[in-house]
Trainee: 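If you scroll down you'll find the structure; I have some questions about it.
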Amino acid sequence: MRKVRFALQNHVWRGLVAVVAACSIVVSVVAAAGGVMNHSAQASETGAAPADMTEWITGVRLQYKNEKGEWVELKDGATLTQGASIDFDMAWHIPSGGLVDADGNPTTSMSYSLGKNISIESKLSGRVFEGGEPVGTYTIGTDGTITIDYYPEFARKNWPTDKGGDGESIDGSLSFEGSAQMTENNEYEDFQLPIGSGQTITVHQKRKYDLNVSKSVVSQDRSTGKVVYSVVVDSSYGTP
C-alpha cells in the first residue's frame, strides 16, 4: 500500500495571494534501487479520461471561519455567510487497479469537483513528490475541481495486473482553503459538501450585503463657495 500526503494552503495577506505548497509521500513499499526515473520521457498522459475519485474519499474534516474570525467545525445544517472561508482536509483510498477510466483503460489521473458553491481564489498547481523525486502534478482550479495526474511509471503501480500494473493501493490526503459563493440571486442557498464514504452534509448559505461609499471633491469655486463632489457606491457582493 502506498501512502501519499499533500498539504496545500492558500493565504491572503493585504490583498496579495501567497501559495504555500508542501507535498510529500510516505511509501510503505520500498522500491528496489535502479536509478533515477526519466520524467521528461514518461510524464505524458495515457490519453484515457481521469478516474472519478468520488467513491474513494474516505473522510473530510471541514472547518469554516465564522463572523468573529474563528475557525469552527462545519457541521450538517450549519449556516454560513456568503464568502466565508472553508478549510478542507480530505483523505482518500485508491483501491488496487482503481486508476482506470470508464472503459477500463489505465489512466494516470483522477479528479473530483467540489461543486459550484465552492470557489478557490487562485488556481493552485505544482508537483507531487515521493522521497524528493517528482511522481506527478496536482491542480485545484478556481471552480473547485481537484485533479491529480501521476507520471505513468508511478500510476502503473496501481494499475490492474492484467493491464501491466502492480495492483497496489494508494492512500492520500490533501488540505486546502476555499470560500462559499452564491450561484443564484436569492437570500439563501443550500449546497452539499462531502464528508467521506459517499456521505454529504447540507450547508445553508446566506447572502452578504455590503455597501462601500466614498466621496471626493471634483471642483471648488471659492468665489461662490460652490463645491462639486463625486460619490462612488460599490458592493463586492452585489448588494442592491
Side-chain angles (χ1 to χ4, degrees), residues 1-8 21 23-29 31 37 39-62 88-120 123-131 133-176 178 191-201:
M1 177 185 294
R2 307 183 73 86
K3 295 184 178 180
V4 185
R5 287 202 299 271
F6 306 87
L8 312 176
C23 303
S24 62
I25 295 181
V26 178
V27 185
S28 57
V29 178
M37 299 176 184
H39 301 300
S40 61
Q42 296 291 329
S44 63
E45 297 181 356
T46 62
D52 182 0
M53 61 184 293
T54 301
E55 298 301 320
W56 300 339
I57 297 174
T58 56
V60 183
R61 182 184 62 83
L62 297 167
F88 295 80
D89 190 355
M90 180 182 298
W92 66 82
H93 173 80
I94 308 176
S96 171
L99 284 176
V100 295
D101 65 11
D103 296 322
N105 300 311
T107 183
T108 61
S109 60
M110 60 182 183
S111 64
Y112 177 76
S113 175
L114 293 167
K116 60 185 179 180
N117 290 104
I118 297 298
S119 174
I120 305 298
K123 180 180 177 180
L124 302 175
S125 63
R127 293 188 296 175
V128 179
F129 291 85
E130 177 186 26
E133 183 74 12
V135 296
T137 62
Y138 69 82
T139 60
I140 304 178
T142 55
D143 62 351
T145 299
I146 302 167
T147 303
I148 298 170
D149 189 9
Y150 298 114
Y151 296 147
E153 66 270 25
F154 185 81
R156 188 176 290 111
K157 300 177 187 298
N158 176 262
W159 291 347
T161 55
D162 62 352
K163 300 290 185 179
D166 298 331
E168 297 180 12
S169 61
I170 298 176
D171 288 321
S173 63
L174 68 84
S175 299
F176 61 95
F191 62 96
Q192 282 71 46
L193 289 175
I195 57 174
S197 303
Q199 301 182 60
T200 62
I201 63 171

Trainee: Could you go step by step and tell me if F154 and I170 meet the side-chain contact (heavy atoms from CB on, under 4.5 Å) rule?
Mentor: CA-CA 11 Å; F154 185 81; I170 298 176; 4.0 Å; yes
Trainee: Would you say the side-chain atoms of T107 pair up with the backbone N or O of A49, donor to acceptor, closer than 3.5 Å?
Mentor: yes
Trainee: In Å, rounded to the nearest 0.5 Å, how long is the span from OG of S113 to CG of D143?
Mentor: 6.0 Å
Trainee: With side-chain contact (heavy atoms from CB on, under 4.5 Å) as the test, would you mind laying out the steps for I140 and F88 before giving the verdict?
Mentor: CA-CA 12 Å; I140 304 178; F88 295 80; over 6 Å; no
Trainee: G178 and I120: which non-hydrogen atoms are nearest, and at how many Å?
Mentor: CA-CD1, 3.8 Å
Trainee: What's the separation between atom CH2 in W56 and atom CE in M90, rounded to the nearest 0.5 Å?
Mentor: 14.0 Å
Trainee: Indicate yes or no for a side-chain donor-acceptor contact from D103 to the backbone of N105 under 3.5 Å, with no hydrogens or angles considered.
Mentor: no
Trainee: Distance from T147 atom OG1 to Y138 atom OH, nearest 0.5 Å?
Mentor: 13.0 Å
Trainee: Drop me the distance from I148's CD1 to M110's CE, to the nearest 0.5 angstrom.
Mentor: 4.0 Å
Trainee: Over all heavy atoms of both residues, which pair between Y112 and P194 is shortest? Give the atoms and the distance, please.
Mentor: OH-CG, 3.1 Å
Trainee: Count the heavy atoms belonging to other residues, nucleotides or ligands that lie under 6.0 Å from CD of Q192, then report whether that count exceeds 12.
Mentor: yes
Trainee: Could you pull out the closest heavy-atom pair between P106 and K163, with the gap in Å?
Mentor: CG-CB, 3.7 Å
Trainee: To the nearest 0.5 Å, tell me how far K123 NZ sits from T142 OG1.
Mentor: 8.5 Å
Trainee: Please check if the side chain of N158 supplies one atom and the backbone of G98 the other of a donor-acceptor pair under 3.5 Å.
Mentor: yes
Trainee: Could you tell me which non-hydrogen atom of L114 sits nearest to which non-hydrogen atom of L193, and how far apart they are?
Mentor: O-CD2, 4.5 Å
Trainee: Could you tell me whether the side chain of S96 and the main chain of G167 form a donor-acceptor pair under 3.5 Å?
Mentor: yes
Trainee: Which pair of heavy atoms, one from S109 and one from D149, lies closest together, and at what distance?
Mentor: CB-OD1, 3.6 Å
Trainee: Rounded to the nearest 0.5 Å, how far apart are OG of S173 and CH2 of W92?
Mentor: 6.5 Å
Trainee: What are the two closest heavy atoms between W159 and T108, and how far apart are they?
Mentor: CZ2-CG2, 4.1 Å
